[in-house]
Asker: 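Before we start, here is the structure in question, set down as structure tokens.
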There are 2 protein chains.
Amino acid sequence: MRTYKLLPDGRRQINSFHLPGDIFGLENGATHRFTAEAIAETKVRIMRRQNLLDAMANRGGAKKFLDLITRSLKHAESHMLLLGRNTAVEKVAAFVCEMDERLEHPNVITLLMTRRDIADYLGLTLETVSRTFAILRDKKMLQVDGPTNKQIVLLDRRGLAELAA
Amino acid sequence: MRTYKLLPDGRRQINSFHLPGDIFGLENGATHRFTAEAIAETKVRIMRRQNLLDAMANRGGAKKFLDLITRSLKHAESHMLLLGRNTAVEKVAAFVCEMDERLEHPNVITLLMTRRDIADYLGLTLETVSRTFAILRDKKMLQVDGPTNKQIVLLDRRGLAELAA
DNA sequence: CGCTGTTTTGATTTAATTCAAGCATAGTGG
DNA sequence: CCACTATGCTTGAATTAAATCAAAACAGCG
């Protein structure tokens, strides 16, 4: 799934992509803070706020809950650094490294999102994302494969991680 | 105070500025996620993690705590949108509007941070921040005053808010 | 098959950065 | 009280990274 915010004129910032097992969408106030969309066949389990507060009432629940939100905050904080201070190459390298880690280092990363989604996640245009994949491909750091170029094979995880900085 | 993250080569992203009364720095794991620095005479009250977990155990505490972290997350999420998708003018307008709101619409906003701090908060260079203040000044949307140009007077709150989008 | 949406690639433009002065302010010490 | 220095802000000129504009190729689909 993708969660994102929109500007009135249609510019979009994707906060994060959610993989199976992820928890997201913690809200408190009366209004939703962002939109969530499935980009593949998805099963979602909903949790009521009341149950959340109940779960927090016992020590084990509080700890788990603290872990969850710390993870969200941590991701947001490092993503701010990326959006504000990284170059296009660094952003794309960071993106593939993030996916690689979250999928636990598969041989092939199958991207379910489009180039535009990736661009809107990284604060770039889809053309720049495409060109940057080409740059990393030409540097032999990754392969771009499959009929729709959505299969990514990491050839140089160390080099990519260095770029991601 | 300012809280920020650094890249190895010195590039800096300021997560947020903290005003009197703000709570910040919620951490969970063994390592700190960012650096905090005072940019003015500051008194800081520390809270132990244990006390936090205790406070969460009762319903009132849990609610307050949920409010706190929701506020942090919300700020981070909207800041991601700003960093990834706003222009320089929109960023600076959003910055002065944020300060105006948080200081509860004073006649004069006295900035305690430098132009570089603002730049590192908005994902710009200090020169661009300076130029952008000049643009908004020339548009009669704000005044830049004081011996060191750190006093900002908002002349057109509505217009600035529209720019901030 | 034609239609639609996606990706790539090329040419051009532009917003913001970088490089470079020049000033103003505040602090320091003689 | 006055150089002297350090720091921060502004402004101008040149550069550049990424955006925009444009076109072609391709896959998937009804």
Asker: Assign a letter to each nucleotide of nucleotides 8-25 of chain C from its 5' end: B, base within under 4.0 Å of a protein heavy atom; S, sugar-phosphate only; -, no contact.
Answerer: BBBB----SBBB-----S

Asker: Would you call B/Asp156 and B/Lys140 a salt bridge, taking side-chain N to carboxylate O under 4.0 Å as the test?
Answerer: no

Asker: Would you kindly check if the NZ (Lys) or CZ (Arg) of B/Arg12 is within the cone defined by 45 degrees around the ring axis of B/Tyr4 and under 6.0 Å from the six-membered ring centre?
Answerer: yes

Asker: Is the side chain of A/Glu77 donor-acceptor paired with the backbone N or O of B/Asn15 at a distance under 3.5 Å, no angle test?
Answerer: no

Asker: Can you tell me how the ring of B/Tyr121 sits relative to the ring of B/His79, calling it parallel under 30°, perpendicular over 60° and tilted otherwise?
Answerer: parallel

Asker: Using five pairs at each end of the helix from C/dC1-D/dG30 to C/dG30-D/dC1 to define an axis, what is the angle between those two axes, to 10°?
Answerer: 40°

Asker: Could you walk me through whether A/Leu111 and A/Phe95 pass side chain to side chain contact (heavy atoms under 4.5 Å, CB included), step by step?
Answerer: CA-CA 11 Å; A/Leu111 300 175; A/Phe95 170 73; 4.0 Å; yes

Asker: Report, as yes or no, whether the 6.0 Å neighbourhood of atom NZ on A/Lys150 holds more than 12 heavy atoms from other residues, nucleotides or ligands.
Answerer: yes

Asker: Around atom CZ of A/Arg116, are there more than 12 heavy atoms from other residues, nucleotides or ligands closer than 6.0 Å?
Answerer: no

Asker: Of A/Val129, A/Val92, A/Leu126, A/Thr132, which meets side chain to side chain contact (heavy atoms under 4.5 Å, CB included) against A/Ile118?
Answerer: A/Val129

Asker: Any salt bridge linking B/Lys74 with A/Glu27? Criterion: basic side-chain nitrogen under 4.0 Å from a carboxylate oxygen.
Answerer: no

Asker: Taking heavy atoms of chain A and a 4.0 Å limit, find me the 5'-most and 3'-most nucleotide of DNA chain D within that range.
Answerer: D/dA18 to D/dA27

Asker: Hey, is B/Arg131 close enough to B/Glu127 for a salt bridge, meaning N to O under 4.0 Å?
Answerer: no

Asker: Counting the atoms with a prime plus P, OP1 and OP2 as sugar-phosphate, which does A/Lys91 contact under 4.0 Å by heavy atoms, base, sugar-phosphate, or nothing?
Answerer: nothing

